[in-house]
2 protein chains.
Amino acid sequence: MATIKDVAGRAGVSVATVSRVLNGNGYVHEDTRQKVEEAIRALNYTPNEVARSLYKKKSKLVGLLLPDITNPYFPQLARGVEDRMQENDYRLIFGNSDENREKEMDYIQTFIQNHVVGIISSTNDPGAEMYAELRIPIVFLDRTTSDRPSVYADGREGGRLAAREIIKRGSKRITIIQGPAHVGPAMDRYEGAVEVVRERGLSYDVLKTTSFSFTEAEGWAQDLFRLYPDTDGVIASNDIVASAVLQEAFRLGKRVPEDVQIIGFDDIPLSRLLAPSLSTIHQPAYEMGREAAELLIQLMEGQHIERKSKQYPVQFIERQTTRKVD
Amino acid sequence: MATIKDVAGRAGVSVATVSRVLNGNGYVHEDTRQKVEEAIRALNYTPNEVARSLYKKKSKLVGLLLPDITNPYFPQLARGVEDRMQENDYRLIFGNSDENREKEMDYIQTFIQNHVVGIISSTNDPGAEMYAELRIPIVFLDRTTSDRPSVYADGREGGRLAAREIIKRGSKRITIIQGPAHVGPAMDRYEGAVEVVRERGLSYDVLKTTSFSFTEAEGWAQDLFRLYPDTDGVIASNDIVASAVLQEAFRLGKRVPEDVQIIGFDDIPLSRLLAPSLSTIHQPAYEMGREAAELLIQLMEGQHIERKSKQYPVQFIERQTTRKVD
DNA sequence: GTTATACCTGTAACCGGTTACACACATCAA
DNA sequence: TTGATGTGTGTAACCGGTTACAGGTATAAC
């Protein structure tokens, strides 16, 4: 790799001058600039970001921490973040936390050691000491705190929406699947659904689950119909679980949506490709990722911020696992 | 952030001694070591990886380039890579190329600028000059070249398998969906399928597609049954497209697998949750990711390598979109 | 003619680590 | 006693950039 000294040597100038050309600051004579640029081309030189980062105490690196990229909701978030970051020449150091505190701390630690200029994190404990002590901007994605920048969807309203829509379409014996208790948004949507069902005085059952894993989803779907065989409406904790429920209903010969209605959550890309396609609560994941990136960029570049948090509205997507409303 | 000087000052020693303690090399008196370690604890010091990286010309960063994390096949690959890398304390700089040459070059460029010690890339052109000129280890994942380290699945055999299994189960008018022409593995599986169908002298049709996108998949599924309404066996280019075909069949009132059999490719997690669940060709994506990481680590740490490439066998997963064989 | 100001460039310190090298001291064998 | 060897530590160069500062020249203002 050519260094700035090589370029300076070839162009017959000092490294300071090359640096000025590179960064477009200070005075540089037009003729000199030409020579330097030619030397850069000839040597195929690109500046060493590490050296730059050491002096400036700033890199072009941003840390992104997500629970599990294998859950189809997160790739969309990640893509949104990446695409926006790319536009401002930031790159991502990426890690999966598995909702595990240890791994999370470990990643945050190495983010810092690598001079990242900002962090986007989807953590269950945004109040953790580790985050409070951070000296660089952070935005929480898909998770909330009152006092730190965050981008998230209105999960509670999503839960209410799901309940209202399934009730409006005639379900009487509703089963609400409760996602992992330590995952904030999962609880929000659960509570929203319970709120509405209670309000309407309907009977309902709750199935507790502890993860969003693909393999465990099948088991819960089986439990669901074993424990509550008469249910005629299922509000699932996310689209993966909803898919498993849909499949189990199919296996048991229940007609969807005639015998059981099913509503998912997230609106992952595959939910529209299911047969019947899945009615669900849409979160604008890609947009949310972009917005988190946007916010972080503003924070990092010290611009004035009007709103430091953004809550996205959620939307009922009517597809084929719910009945048509008359 | 505390620096090594702060630690040295507090412990009453020179920075060299602190560095020795940190790296466990050279001689350090036990008493001195204690003092230094105490200072480190007191100041909550962690070494600046950027400074370290500058001097050593090596970081603990690895570049990972994938086409599109939004395609459910890739998160598994990514997870495999990450988990293995994590074990050796490497971190990932991650990017999506969208199979786009420009973006790809751009990422490789910044990987280098950030002193990554190795790269894992899923590119359509492993022979590109940019890769030939690289001075750091690289392994190609899900893509092949004869002369560079790579980890991939036997796509051609996968295509053959799909054809053999669908034929064995009685399909006579087979439609093969051809994935994007510029994507190597897509062509392999296509050619494998064609090879077998030809060999058996069966009539077959081909539907050409240009992406694996979720939104376009629906359109192709519609085209498929419009152009070839009598098909009784579909070999899809991947599981996403297969899902769309399954859905379209459902919409048209065709019974699966009685009227049409469908075989996908990849075995993404959701394919087992479809109703009916999707018969498909399994690629051990997570394992492949891990293996690519393993190989790269060996390359980076200069160990002796016996095999520098690894081809994974592929496997037919019999589920419910194919008939039971008698 | 003097002074202010803009323009142009180089020297060297600095960022925070690692390590080559020098040096001091202790121990032990010849 | 001498010298070889092992132990323990500090000084300073180095990695490859950025930038404060100094100094030189040209032009304009007074």
Side-chain angles (χ1 to χ4, degrees), chain A residues 1-37 39-40 43-61 89 109-117 135-136, chain B residues 1-37 39-40 43-61 89 109-117 135-136:
Chain A
M1 283 293 294
T3 72
I4 198 170
K5 273 185 204 144
D6 301 329
V7 174
R10 189 175 229 269
V13 299
S14 74
V15 295
T17 300
V18 177
S19 180
R20 287 189 198 102
V21 171
L22 246 30
N23 298 290
N25 50 26
Y27 292 110
V28 179
H29 192 90
E30 186 50 33
D31 297 353
T32 313
R33 155 168 285 110
Q34 303 266 337
K35 275 189 300 182
V36 171
E37 280 168 352
I40 288 176
L43 295 171
N44 198 14
Y45 167 80
T46 51
N48 180 326
E49 278 299 331
V50 176
R52 200 172 250 178
S53 162
L54 178 59
Y55 182 85
K56 305 255 252 177
K57 305 188 179 199
K58 278 190 173 204
S59 67
K60 285 299 240 173
L61 260 20
D89 292 325
Q109 170 93 296
T110 61
F111 287 169
I112 303 295
Q113 290 181 314
N114 283 287
H115 273 195
V116 300
V117 268
R135 311 171 77 104
I136 52 171
Chain B
M1 284 294 295
T3 73
I4 198 171
K5 273 183 204 147
D6 300 329
V7 174
R10 188 174 230 270
V13 299
S14 73
V15 294
T17 300
V18 178
S19 180
R20 287 188 198 103
V21 172
L22 246 30
N23 298 290
N25 49 27
Y27 292 109
V28 179
H29 191 90
E30 186 51 32
D31 297 354
T32 313
R33 153 169 286 111
Q34 304 264 339
K35 276 189 299 178
V36 170
E37 280 169 352
I40 288 176
L43 295 171
N44 199 13
Y45 167 79
T46 51
N48 180 327
E49 279 298 332
V50 176
R52 199 172 251 179
S53 162
L54 178 59
Y55 183 85
K56 305 256 249 177
K57 304 187 178 199
K58 279 191 170 201
S59 68
K60 284 299 240 175
L61 260 19
D89 292 324
Q109 171 93 296
T110 60
F111 286 170
I112 302 296
Q113 290 180 313
N114 283 287
H115 274 194
V116 300
V117 267
R135 310 171 79 105
I136 53 171

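Note: hydrogens, waters and symmetry copies are ignored here, and every other heavy atom, side chains too, is used. Residue numbering restarts at 1 for every chain, and letters A, B, ... go by the order of the sequence lines.
In this structure, B:D31 atom CG and D:dG8 atom P are separated by 10 Å, rounded to whole Å. What separates CD1 of A:I40 from P of D:dG17 is a distance of 10 Å, to the nearest Å. Atom pair A:L22:CG and D:dT19:P shows a separation of 11 Å (rounding to whole Å applied). Between the CD1 atom of B:I4 and the P atom of C:dG17 there is a distance of 5 Å, given to the nearest Å. A straight line from CZ of B:R52 to C1' of D:dG17 spans 20 Å, rounded to a whole angstrom. The nearest whole Å value for the distance from the CD atom in A:Q34 to the P atom in C:dT9 is 12 Å. Atom-to-atom, NZ of B:K57 to P of D:dC14 comes out at 12 Å; the value is rounded to the nearest Å. Separating the CG atom of A:N48 from the C1' atom of D:dT18 is a distance of 13 Å, rounded to the nearest angstrom.
The nearest heavy atom of DNA chain D to A:A2 and to A:R20 marks one nucleotide each, and the one closer to the 5' end goes with A:A2. Nearer to the 5' terminus of DNA chain C, by closest-nucleotide assignment, is the contact made by A:A16 (compared with the other of A:A16 and B:Y55). Comparing B:L54 and A:N25 against DNA chain D, the residue whose closest nucleotide sits nearer the 5' end is B:L54.
Put simply, A:Y27 has no side-chain N or O that comes within less than 4.0 Å of OP1 or OP2 on D:dA26. Contact annotation: A:S53 does not reach the phosphate of C:dC15 (side-chain N/O to OP1 or OP2, under 4.0 Å). Put simply, A:T3 has no side-chain N or O that comes within less than 4.0 Å of OP1 or OP2 on D:dG16. OP1 or OP2 of C:dC8 has not a single side-chain nitrogen or oxygen of A:T17 nearer than 4.0 Å.
Counting heavy atoms from C-beta on, the side chains of A:N23 and A:R52 come closer than 4.5 Å. With contacts defined as side-chain heavy-atom distances shorter than 4.5 Å, the pair A:V7/A:L22 does not qualify.
Within 4.0 Å of A:V28, counting heavy atoms only, lie sugar-phosphate atoms of the nucleic acid but no base atom. At the heavy-atom level, A:T32 lies under 4.0 Å from the strands shown only through sugar-phosphate atoms. Residue-level contact check: A:V13 touches the backbone only, with heavy atoms under 4.0 Å from sugar-phosphate atoms and none from bases. Using a 4.0 Å heavy-atom criterion, one finds that A:S19 contacts the bases of the nucleic acid, with or without backbone contacts as well.
No side-chain N or O of A:Q113 forms a donor-acceptor pair with one of A:Q109 less than 3.5 Å apart.
Closest to the side chain of A:K56, from the set D:dT19, C:dT18, C:dT9, is D:dT19.
Formation of a donor-acceptor pair under 3.5 Å by the A:S59 side chain with backbone atoms of A:H115 is found in this model.
More than 12 heavy atoms of other residues, nucleotides or ligands sit less than 6.0 Å from atom CG of A:N25.
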